[in-house]
Amino acid sequence: VSVATEDIPVRMPSYECQRITALKHHNHRFTTALELLEEHAGYQGGGQRADSRARGFRRASCTLKSLSHPLTSIEQAGKLPNIGPHSLAVIKDILEDGYSQEVQDICDGDFYNTMQLFTGIFGIGCSTARKWYEKGFRTLDDIRNDSTITLRKDQKIGLELYQDLNTPVTLAEANIIQELVKAEVQRLQPGATVVLTGGFRRGKTEGHDVDLLISHPTEGKETGLLSAVLARLRRKNLLAYESTTANTYDPSTVTKKEYTLDHFERCFSIFKFDKSWISSKPTSQSPPGVVKPGTSNPDLPHQGDRVSLGTAGGSDGESTAEKAWVGRRVDLIIAPASQYAYALVGWTGSKYFNRSARLYAEREMNMKLTSHVLYDPVKNQYLSASSEEDVFRHLQLPYREPTERNC
Ligand code: CTP
Ligand code: MN
Ligand code: MN
Ligand code: MN
């Protein structure tokens with residue numbers, strides 16, 4: 001007996017963390033539109049309300065990502081969890097017309113495109129971007145040439161390296177940076193670990209940055225490591241920008257709301273990624289700990305193509321066109337051994353997976369999940385975990401591989 005896929009009853013749990021969400025799925029034509037609406041809603045002012053509108057689109061998108069077949073009827077969409085009326089209307093338009101006029105209008109509009117341009121500047125958030133948009137600014141040169149604008153150090157470098165930082169980081173580049181940092185870290189503290197987290201750990205082959213989680217199996221041996229590593233990188237002239245934040249973790253404040261952000265010692269940085277480190281042959285891996293900046297590795301062909309600055313960007317290439325390196329955003333996070341499993345879950349993401357897991361922990365388990373620990377306020381107990389599996393087990397969730405956490 002054959003049953004049309006749309007007639008199979010879909011039983012989908014409503015928390016994203018209870019489901020499998022892979023990078024590849026069957027409903028990209030809907031999710032692309034919904035996530036554009038999410039992005040657009042996030043650009044709007046209005047704080048909490050704008051945020052919750054944005055999240056509504058994202059939750060609908062996540063539901064369709066978890067669906068095991070292409071959505072073919074609006075009736076079925078109506079039975080799925082977390083799809084609100086606005087998202088449903090957009091899905092209906094796409095089912096009926098093949099596209100959504102609302103999405104098309106946003107894409108064609110000045111607001112969306114300008115906000116995308118300005119929020120692409122490292123250090124610029126939605127509110128500054130919106131302020132500039134409202135003042136009538138539309139291009140990067142409008143910002144560069146306006147004498148009334150004072151930029152912070154990070155924003156200045158964001159403008160300078162705009163082209164670099166808006167060229168996706170490849171997995172090959174991320175692996176090279178991970179190896180480079182690992183070599184430095186282990187020279188300082190043998191046995192220390194450096195793991196590539198973020199989108200790359202979830203199986204993405206491109207990202208906006210490189211997220212490296214640094215730890216040591218012996219609690220305490222991670223202390224002082226970040227500043228020492230940064231000193232070495234600085235001496236080798238590998239850093240274009242760095243901003244370090246000290247550890248502010250205080251377990252006694254774990255129940256406070258602010259814990260959506262974590263409190264690890266960290267550095268938001270921009271690496272000078274030497275173009276000679278990468279070749280067109282994906283198999284040839286340079287030992288980056290050995291390659292000195294400014295000198296070329298004789299084993300590698302000189303190949304700038306893979307990381308070219310992209311001349312298509314028009315007026316933005318002037319000063320950056322000749323430099324031998326490409327700016328790459330790197331986040332370095334230090335986690336003590338006892339918090340490592342939670343830090344790994346937190347920094348692997350996705351952001352929406354974490355959001356959902358924290359909501360689930362709070363509402364369904366009466367517990368507080370952070371990137372540091374899981375806390376049970378009823379038993380006044382901090383639940384220790386030595387692996388990601390432990391974290392899922394404590395939450396009574398089926399284990400999900402990082403590649404299944406792409407909500
Ligand atoms: N994260 C976090 N606290 C921050 C910043 C990020 O816990 N202050 C988490 C995010 O929730 C995410 C992971 O760290 O799960 C990586 O963040 P980010 O680099 O922003 O996102 P990616 O998923 O790696 O996406 P991309 O590929 O664009 O870098
Ligand atoms: Mn609406
Ligand atoms: Mn990332
Ligand atoms: Mn990051």
Side-chain angles (χ1 to χ4, degrees), residues 16-17 21-23 35 38-39 42 51 54-55 58 61-62 65 116 119-126 154 158 164-175 177-178 181 194-215 226 241-249 254 257-271 273 327-335 339-361 368-374 388 391 400-407:
E16 288 82 359
C17 63
T21 314
L23 278 174
E35 286 179 23
E38 176 204 13
E39 193 184 8
D51 288 354
R55 212 154 40 238
R58 168 62 70 156
S61 173
C62 288
K65 286 183 194 174
Q116 219 176 27
T119 56
I121 304 169
F122 175 59
I124 297 296
C126 282
D154 56 329
D164 286 13
L165 302 183
N166 284 279
T167 306
V169 182
T170 64
L171 177 60
E173 291 169 346
N175 283 328
I177 291 171
Q178 185 258 340
V181 172
V194 178
V195 170
L196 180 58
T197 62
F200 290 114
R201 187 157 184 264
R202 300 196 309 274
K204 285 173 69 177
T205 53
E206 282 187 351
H208 96 281
D209 69 354
V210 180
D211 303 290
L212 298 176
L213 185 60
I214 302 170
S215 190
L226 184 60
Y241 173 84
E242 55 179 299
S243 171
T244 302
T245 312
N247 184 311
T248 55
Y249 179 56
V254 74
K257 262 276 173 279
E258 44 149 316
Y259 259 86
T260 41
L261 282 178
D262 69 57
H263 295 235
F264 292 114
E265 181 184 22
R266 78 181 69 211
C267 179
F268 293 147
S269 74
I270 299 174
F271 272 48
F273 188 96
R328 254 69 188 91
R329 278 271 300 109
V330 179
D331 289 340
L332 303 171
I333 304 98
I334 305 283
Q339 298 162 36
Y340 181 73
Y342 291 104
L344 186 56
V345 171
W347 277 87
T348 297
S350 69
K351 192 178 158 190
Y352 299 93
F353 178 87
N354 292 345
R355 220 198 114 73
S356 138
R358 284 165 198 195
L359 218 57
Y360 166 90
K368 185 83 182 177
L369 175 66
T370 72
S371 288
H372 300 273
V373 77
L374 181 63
E388 288 187 304
V391 177
R400 301 295 179 216
E401 294 293 341
T403 54
E404 299 172 334
R405 303 178 206 159
N406 280 294
C407 24

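In each ligand, atom 1 is the first atom listed, and ligand 1 is the first ligand listed.
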Heavy atoms only: give me the nearest [X]-[Y] pair and the separation to one decimal.
| X | Y | answer |
| --- | --- | --- |
| Glu16 | Cys62 | CG-CB, 3.8 Å |
| Thr197 | Leu212 | OG1-N, 4.4 Å |
| Ala361 | Leu369 | CB-CB, 3.9 Å |

query = When Val391 is tested against each of Val345, Leu374, Val373 for side chain to side chain contact (heavy atoms under 4.5 Å, CB included), which residue passes?
reply = Val345
Shortest-distance N/O/S atom, Asp209 versus the Mn ion (ligand 3) = OD1
remark   = In Asp211, the N/O/S atom nearest the Mn ion (ligand 3) carries the name OD2
By number and element, which atoms of ligand 1 are closer than 4.0 Å to a non-hydrogen atom of [X]?
| X | answer |
| --- | --- |
| Arg266 | 8 (N) |
| Ser350 | 15 (O) |
| Asp211 | 16 (C), 19 (O), 24 (O) |
| His208 | 19 (O), 20 (O), 26 (P), 27 (O), 28 (O), 29 (O) |
| Gly207 | 27 (O) |
| Asn354 | 11 (O), 15 (O) |
| Asp262 | 3 (N), 7 (O) |

query = Between the side chains of Trp347 and Asp262, is a donor N or O closer than 3.5 angstrom to an acceptor N or O?
reply = yes
ask   = So, Ser356 and Arg405: side-chain donor and acceptor under 3.5 Å apart, yes or no?
value = no
Where on [X] is there a heavy atom closer than 4.0 Å to ligand 1, on the side chain, on the backbone, on both, or on neither?
| X | answer |
| --- | --- |
| Thr197 | neither |
| Asp209 | both |
| Arg355 | neither |

inquiry  = Looking only at the aromatic ring of each residue, does the gap between the centers of Phe122 and Phe268 stay below 6.0 angstrom?
reply    = no
Validation row, ring centre Tyr342 to ring centre His372 under 6.0 Å = no
With respect to [X], determine whether any N or O atom, backbone or side chain, lies less than 3.5 Å from an N or O atom of ligand 1.
| X | answer |
| --- | --- |
| Gly346 | yes |
| Asp331 | no |
| Gly199 | yes |
| Lys204 | yes |
| Gly349 | yes |

key: Among Glu404, Glu388, Glu401, salt bridge (charged side-chain N to carboxylate O under 4.0 Å, His left out) partner for Arg201   = Glu388
ask   = Considering only heavy atoms, which of Lys351, Arg202, Arg329 lies nearest to atom 23 (O) of ligand 1?
value = Arg202
inquiry  = Closer than 4.0 angstrom, basic N to acidic O: yes or no for Glu39 and Arg58?
reply    = no
ask   = Going through the distances and angles, do Leu332 and Val181 end up as a side-chain contact (heavy atoms from CB on, under 4.5 Å)?
value = CA-CA 9 Å; Leu332 303 171; Val181 172; 4.2 Å; yes
note = By ring-ring contact (aromatic ring centres under 6.0 Å, His included), Phe271 pairs with (sequence neighbours left out) none
inquiry  = Of all the N, O or S atoms in Asp331, which has the shortest distance to the Mn ion (ligand 4)?
reply    = OD2
